Structure formats: structure tokens, C-alpha cells
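Please read these numbers as outputs of a predicted model, since none were measured by experiment. Letters A, B, ... mirror the listed sequences (proteins, then strands); counts begin at 1.
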Amino acid sequence: MRYFIGNKMIGSEHYKLATVQECLEYFKDIEEPELDTETTGLCCHVDNLLCIQIGTPDRQYVIDTGVIDVQVFKPLLEDPTKTFLLQNAKFDIKFFMKHGIHISNVYDTMLVECLLTAGDENRSVSLATQCKNYLGVDLDKTIRANIQIEGLTDRVIVYSAEDVRYLTPIKAIQMEKVKELQLEEVVKLENDVVKVFADMEFHGVLVDQKVWLDVADTTEKGVESLTKELDKIVETDPKLIRYVPDVVQGNLFGFEERKLNINWGSNNQKLNILRDAGVKLDSVGDPVLQKLKSAHPLVPVLINLSKQAKLVSSFGRDFLKHVNKKTGRIHPNYWQILHTGRISVKEPNVNQIPSKGELATIIRSAFIPRKGYKIVGGDYSGMELRIIAEFSKDPLWVKAFAEGGDLHSILCAATFGIPIEDVKKPFPEKPTVKYRDVQKTINFGLAYGMSKFKLADTMQIPVDKADEIIKKFFSVVPKVEGFLNGLGNLGKQRGFIRTGRPFRRIRFFPQWKESMSQSPRAGKLAGEIERRSKNSPIQGTNGDVIKVALVMTHKAIKEEGWPVKILLSVYDELQTECKETHCEAWKDRLDELMIEAAEVVIKNTPIVVDCAISDYWQK
DNA sequence: CAATCGTGCGCG
DNA sequence: AAAGCGCGCACGATTG
């Protein structure tokens with residue numbers, strides 16, 4: 001039965017009228033109410049609630065928030081004994097936060113669907129798909145686009161009610177699968193951490209636009225001068241004469257204009273010009289150009305240009321479009337569950353803000369705290385390498401962390417049989433790199449399932465030599481080899497792989513069946529599964545850790561009353577904004593919390609967190 | 001004209 | 001049988 005609470009005088013054949021009192025009374029004893037909202041748009045800061053829907057499979061209440069003050073539902077929504085069922089809870093939570101309402105506990109059907117389908121590239125986690133697959137019900141989503149235009153008409157009321165009534169049966173079916181797959185712990189983790197992401201997104205982070213625009217000026221000028229440099233080289237190379245126009249158009253305004261109409265941003269044009277200049281290549285990507293630095297004077301300039309052009313296009317003045325008109329802050333959007341369990345971010349993707357290169361420090365310094373606050377950040381040191389230590393139990397690898405030495409240097413000395421003082425000496429096969437750099441490539445690369453071919457290519461050494469190095473390396477850390485091969489085989493045999501305890505998140509390999517068949521693609525697919533099986537538990541366990549850290553930090557801030565907001569979650573790193581007066585104490589507490597969080601998963605390997613207080617985001 | 005694909009590159 | 005994992009974003013080229 002559907003009920004409407006608003007200012008309509010009569011009900012309809014589709015719904016009855018009800019009062020707030022009746023609604024609150026009904027939900028007094030309901031432990032898991034279904035919840036949803038309709039809004040005037042997607043942004044919680046500029047758009048508003050149109051209605052909220054609270055329901056059970058038997059009864060759905062659609063409440064017109066234009067007429068009814070949402071505050072009357074605050075006690076219900078904040079009732080800690082209840083768990084609210086939502087699809088994509090983060091969205092609704094943020095709209096309630098705007099009204100100072102903080103929903104107690106949530107179960108998010110979308111997040112659980114992500115966990116149950118991790119690895120499937122063609123999946124859909126929409127409510128419509130879940131209704132279809134689990135219940136055989138077709139939801140009419142065509143009305144949604146019209147809600148803002150037509151308001152709470154009868155058919156919109158029906159649509160809105162339908163959007164909540166299936167959440168209970170969906171949860172029931174999902175939880176059977178969750179139990180079967182032993183995903184209870186990770187379901188709880190994701191449903192807890194979604195509230196933290198909502199909080200982070202709502203709060204956002206401040207960007208100093210002056211600093212940002214200064215950097216943009218610098219990078220734009222850089223692109224301009226590199227372009228001129230490239231043009232000049234083309235003009236002076238007889239082989240490239242056909243790119244120089246015979247007649248140069250006059251310029252009425254007397255500005256200096258480019259004579260050539262080459263677009264140096266076009267990979268096609270770059271490729272053709274370099275080929276005409278006598279350079280043999282089939283791509284203009286950085287790894288290829290690096291090897292051809294001395295093949296033609298254009299090449300080194302092109303390398304610099306693509307770096308500089310990237311800074312302009314991705315981190316130039318256009319980036320400021322992400323500053324919210326209402327709040328003056330950026331509000332990155334987190335996607336909580338990738339196939340491995342990692343998080344991604346968009347609009348803007350704060351994960352990919354430059355951290356290397358000369359301008360990186362300045363770019364990051366544009367991310368600043370509110371007035372009267374400082375940025376306090378914590379960064380897990382070598383988390384993926386510690387996860388390898390924890391799960392492989394390799395004596396040398398473990399010993400390196402136990403003694404607090406530099407893992408890359410210790411392993412390097414062992415692999416190449418050299419004294420540890422010599423690890424920064426040139427690598428004889430390729431003197432431009434150091435022994436330790438080779439080791440770093442191996443340490444990270446092997447966790448991705450890298451082959452001798454790739455190592456040879458990356459290091460520019462013969463395949464035989466690469467093979468020899470890998471063999472020697474695995475002979476000094478045999479349990480790491482066993483660990484990685486074990487994962488690879490497990491994934492290939494079972495068609496799925498898990499992260500470590502206690503979460504044991506699953507990633508499925510939908511291509512598994514074909515990989516076991518006579519298909520011509522079988523070998524390729526098996527290789528894919530093998531490499532992903534090696535990497536997913538490492539990357540995913542890292543994701544598990546950072547999510548525990550977010551939950552614990554958020555909880556401590558609330559329960560211990562810290563004047564702190566979590567700003568960003570970037571891979572191994574948490575950035576917070578803390579009142580100046582509390583920075584020192586908070587820094588110590590954050591350090592403790594992050595270590596405690598990691599120890600939920602990593603029990604036998606020491607955890608190191610680098611914490612810092614600063615006036616901006618620093619690495 | 002917009003939608004989609006391919007390439008390249010920022011981060012870990 | 002191919003040969004390093006996981007992303008989001010911008011741009012140019014292609015397609016509808």
C-alpha cells in the first residue's frame with residue numbers, strides 16, 4: 001500500500017493520504033526501513049530534496065518535503081537501533097546532511113551488488129538490474145527524468161514508492177549469497193565506510209585559485225615556447241620541407257603568428273613527421289620516445305612538450321571548473337568499490353594530481369585548509385610491500401621490515417650479491433640506472449605478474465639477462481615466488497581470488513570458463529587471470545586497510561570530539577583538516593589510528609605511517 | 001552535430 | 001598464447 005504525506009486533499013486509486021504521526025508510528029518497530037529520496041538535481045549543495053520515501057515491502061510513504069519539514073524525521077533517521085536500506089546511499093546521505101541529519105546505519109544494495117559482482121566488466125549494479133535479476137520485476141525508470149518538470153504527480157508518487165519497496169527482498173537474496181561466499185565482514189566494512197565518503201564529499205576541500213592560475217600561466221607559456229622550438233626544427237630540416245607552407249598569410253594585427261599549421265597535440269601528425277624525418281617508430285608514447293632521444297632533435301623536445309601539455313590540459317585553468325559555485329570548494333566524487341576493492345575518484349580525480357616533477361609541489365600547495373586550520377596527513381609507508389611480507393612470510397623480506405631497513409636496498413644487495421653500500425652504483429648492463437632501481441622495478445613489477453620480456457624492455461637489457469635476474473631474485477626470496485605463483489594458480493584453478501583476512505573480498509574472473517576451454521583465446525585469458533590473481537589480493541588488501549582507517553578515524557573524530565574533518569583519501573594516504581590549536585595532538589592520534597587500522601589486517605609485519613602537519617597538501 | 005573509440009599519461 | 005596491475009581524463013580521429 002502506498003501513502004502520500006503532503007498537501008493533497010484526496011488520495012487516488014494508487015495511494016492513500018497519511019500524516020507524519022501515522023508514518024512515524026508505523027516505523028517505530030521496523031528495524032530496517034527502506035529509504036530513498038528524489039531531488040531537483042545531483043549536487044547536494046545547489047539542488048534540493050523534492051520528496052523522501054520510507055517504506056517496507058508492504059507500505060511505502062512518499063513525503064513531500066516542500067510541505068513537510070524533514071526535521072520531523074530526524075529522530076527516526078538517526079535512530080541507532082535501525083539500519084536503513086538504500087540503493088547508492090552516499091547520494092541520499094549527503095542530501096540529509098544538508099539538513100543536519102546523519103543517518104544512523106545503512107545497508108547499500110548497490111555496494112553489496114558491487115561486492116557480489118566484482119571482476120565482471122559488463123555488470124550493472126543499478127536498482128533496475130537488481131529488480132530484474134533478483135525479483136523479475138521491471139522498474140520504469142523513464143519517469144525519473146520528468147520528476148523535476150512535473151513535480152509530485154500521481155505517477156511520480158507511484159514511481160517514487162516503487163523505488164523503495166523492493167530493497168528488502170533484494171537484501172534478503174543478496175545476503176544469502178553474502179553468507180555463501182563469506183563476505184559478511186566486507187559488507188559491513190563497505191556499509192560503514194560509505195558514510196565517511198559521504199562526509200568527505202559533502203565537506204570537500206579548498207583550492208587556492210591564485211596559486212592554481214599562476215601554475216597554469218607557467219605551463220601554458222611552456223607549451224608555447226616548446227611549440228615554437230618544434231616549428232623551428234621542422235623549418236630547418238630539409239626532409240620536412242613539405243610541412244612548411246610556400247606563402248605565409250599576412251597578419252593584419254602584427255602579432256607574431258605561427259607559420260606552420262602542425263598540431264603537436266596530434267599523435268598522428270607527430271608520428272608522420274617523425275617518420276618523414278627518418279625516425280623509425282610505431283608510437284609516440286614516452287617509453288618509445290625515450291629510447292629514440294638521439295634519433296632526431298625533435299624527439300627530446302616532443303618528450304618535454306607532452307609532459308607540459310598534460311599539465312595544461314589536465315591540471316591547467318580548466319581544472320577550476322570543479323570548484324563548486326555554492327561552497328567555493330572542490331567536492332571529489334568517490335567510487336567506492338573497483339574490481340580489486342580499491343577506490344577511484346572523479347570530478348576531479350584527486351588520485352592523479354602530480355606528485356613528481358618540478359611543478360608538483362606547487363600544484364599540491366594549492367590544496368589548502370580552511371582559515372584557522374591546518375592540513376594533517378598520514379601516509380602508509382610501503383603498504384603493498386608489507387602486504388607481501390605479511391602473506392608470503394618470506395624470511396628475508398620479513399626481516400627487512402622487522403629491522404626497519406630499506407627493503408629495496410636489502411633485496412638489491414641479496415639479488416646482485418653486492419654489499420649494501422653499493423646498491424646506488426651504476427648497473428653494469430645499463431649504467432644510466434642504479435642497481436637499486438632495477439630492484440625496485442622487480443619488486444613492484446613482479447607483484448603485477450611481470451615477465452622477463454617486460455623487465456628486459458623496461459630496463460633495456462637482453463631478455464636472457466632479465467631472466468637471470470628474476471631467477472636470482474626469486475632464489476633469495478623463495479617464499480615470495482611461492483606466494484605469487486600460488487595466487488596465480490589459485491585464480492586459474494578456481495576462477496576467483498580473495499583479499500586477506502578478515503575481509504576476504506572476492507574478485508571473480510568471468511573469463512575463467514573460456515580460459516579452461518579449447519578457445520584460441522584461452523592462453524591469453526589464462527595469462528590475464530594469472531597476473532590479476534597475483535595483483536588483486538595485494539591491491540585489494542591495501543584497499544581494505546585504507547577503508548578500515550577511514551572508518552576508525554571518522555569514528556574517533558566523532559566520539560572523541562576532535563575539531564577535524566577528513567578531506568581526502570588518496571591510495572595509501574589520508575588528509576585531514578584540523579583546527580590549529582589541536583594539530584600536534586591530532587597528528588599523534590591519526591598516526592595511532594592508522595596503525596591500529598592496518599593491524600586489523602596486517603598482524604605480523606610492523607606498520608609505519610608518515611604523518612605531517614602543513615599549511616597545504618604535501619607529499 | 002554528438003557519440004564513441006584509440007592513444008597517451010597523471011597517480012599508486 | 002601472450003608477455004605488468006588498477007584507475008580517470010583529455011584530445012584527436014572516426015563514426016553515425
Protein-nucleotides 12-14 of chain C N/O pairs closer than 3.5 Å?
{"unit_1": "C:dG12", "atom_1": "OP1", "unit_2": "A:Asn263", "atom_2": "ND2", "d": "2.9"}
{"unit_1": "C:dG12", "atom_1": "O3'", "unit_2": "A:Ser266", "atom_2": "OG", "d": "3.4"}
{"unit_1": "C:dA13", "atom_1": "OP1", "unit_2": "A:Ser266", "atom_2": "OG", "d": "3.0"}

Can you measure [X] atom [atom1] to [N] atom [atom2] for me and round it to whole angstrom units?
{"X": "A:Tyr380", "N": "B:dG12", "atom1": "OH", "atom2": "C1'", "answer": "15 Å"}
{"X": "A:Asp318", "N": "C:dC9", "atom1": "CG", "atom2": "C1'", "answer": "12 Å"}
{"X": "A:Leu311", "N": "C:dC9", "atom1": "CG", "atom2": "P", "answer": "17 Å"}
{"X": "A:Glu220", "N": "C:dA10", "atom1": "CD", "atom2": "P", "answer": "15 Å"}
{"X": "A:Phe319", "N": "C:dA10", "atom1": "CZ", "atom2": "C1'", "answer": "14 Å"}
{"X": "A:Trp264", "N": "B:dG8", "atom1": "CH2", "atom2": "P", "answer": "16 Å"}
{"X": "A:Asp282", "N": "B:dT7", "atom1": "CG", "atom2": "P", "answer": "11 Å"}
{"X": "A:Leu281", "N": "B:dT7", "atom1": "CG", "atom2": "C1'", "answer": "14 Å"}

Salt-bridge test for [X] and [Y]: reply yes if a basic N is under 4.0 Å from a carboxylate O, no otherwise.
{"X": "A:Arg504", "Y": "A:Glu185", "value": "no"}
{"X": "A:Lys221", "Y": "A:Asp217", "value": "no"}
{"X": "A:Lys524", "Y": "A:Glu528", "value": "no"}

Item to check | Step-by-step side chain to side chain contact (heavy atoms under 4.5 Å, CB included) determination, A:Trp212 to A:Phe367 | outcome: CA-CA 9 Å; A:Trp212 198 270; A:Phe367 292 80; 3.6 Å; yes
Checklist entry - Does the gap between the ring centers of A:Phe509 and A:His339 come in under 6.0 Å? => result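 No, too far apart.
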Next on the checklist: Donor-acceptor pair, distance only, cut-off 3.5 Å: does the side chain of A:Asn535 make one with the backbone of A:Arg531?
Outcome noted: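 Not a single qualifying donor-acceptor pair exists.
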Checklist entry - Just by distance, do the side chain of A:Lys547 and the backbone of A:Val186 share a donor-acceptor pair under 3.5 Å? => result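 It does not hold such a pair.
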Next on the checklist: Measuring only the P atom in each nucleotide, how far is B:dT7 from C:dA3? A whole number of Å is fine.
Outcome noted: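 It comes out at 14 Å once rounded to the nearest Å.
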Next on the checklist: Which label fits A:Tyr435 and A:Phe427: parallel for a plane angle under 30°, tilted from 30 to 60°, or perpendicular past 60°?
Outcome noted: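 Aromatic pair A:Tyr435/A:Phe427 classed perpendicular.
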Next on the checklist: Can you classify the ring geometry of A:Phe319 versus A:His322 as parallel (below 30°), tilted (30 to 60°) or perpendicular (above 60°)?
Outcome noted: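 The rings of A:Phe319 and A:His322 stand perpendicular, inter-plane angle above 60°.
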Checklist entry - Should C:dG4 form a Watson-Crick or G-U wobble pair with both distances under 3.5 Å, which nucleotide is its partner? => result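 None - no nucleotide pairs with C:dG4, as no candidate has both distances under 3.5 Å.
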Describe the nucleic acid contact of [X] in one word from base, sugar-phosphate, nothing, applying a heavy-atom distance below 4.0 Å.
{"X": "A:Lys440", "value": "nothing"}
{"X": "A:Asp572", "value": "sugar-phosphate"}
{"X": "A:Val284", "value": "sugar-phosphate"}

Next on the checklist: So if I define the base as every atom that isn't primed, P, OP1 or OP2, how would nucleotides 2-8 of chain C read as a B/S/- string at a heavy-atom cutoff under 4.0 Å?
Outcome noted: -BBBBSB
Checklist entry - Is the phosphate of B:dG8, meaning OP1 or OP2, less than 4.0 Å from a side-chain N or O of A:Lys307? => result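 Answer is no, no contact under 4.0 Å.
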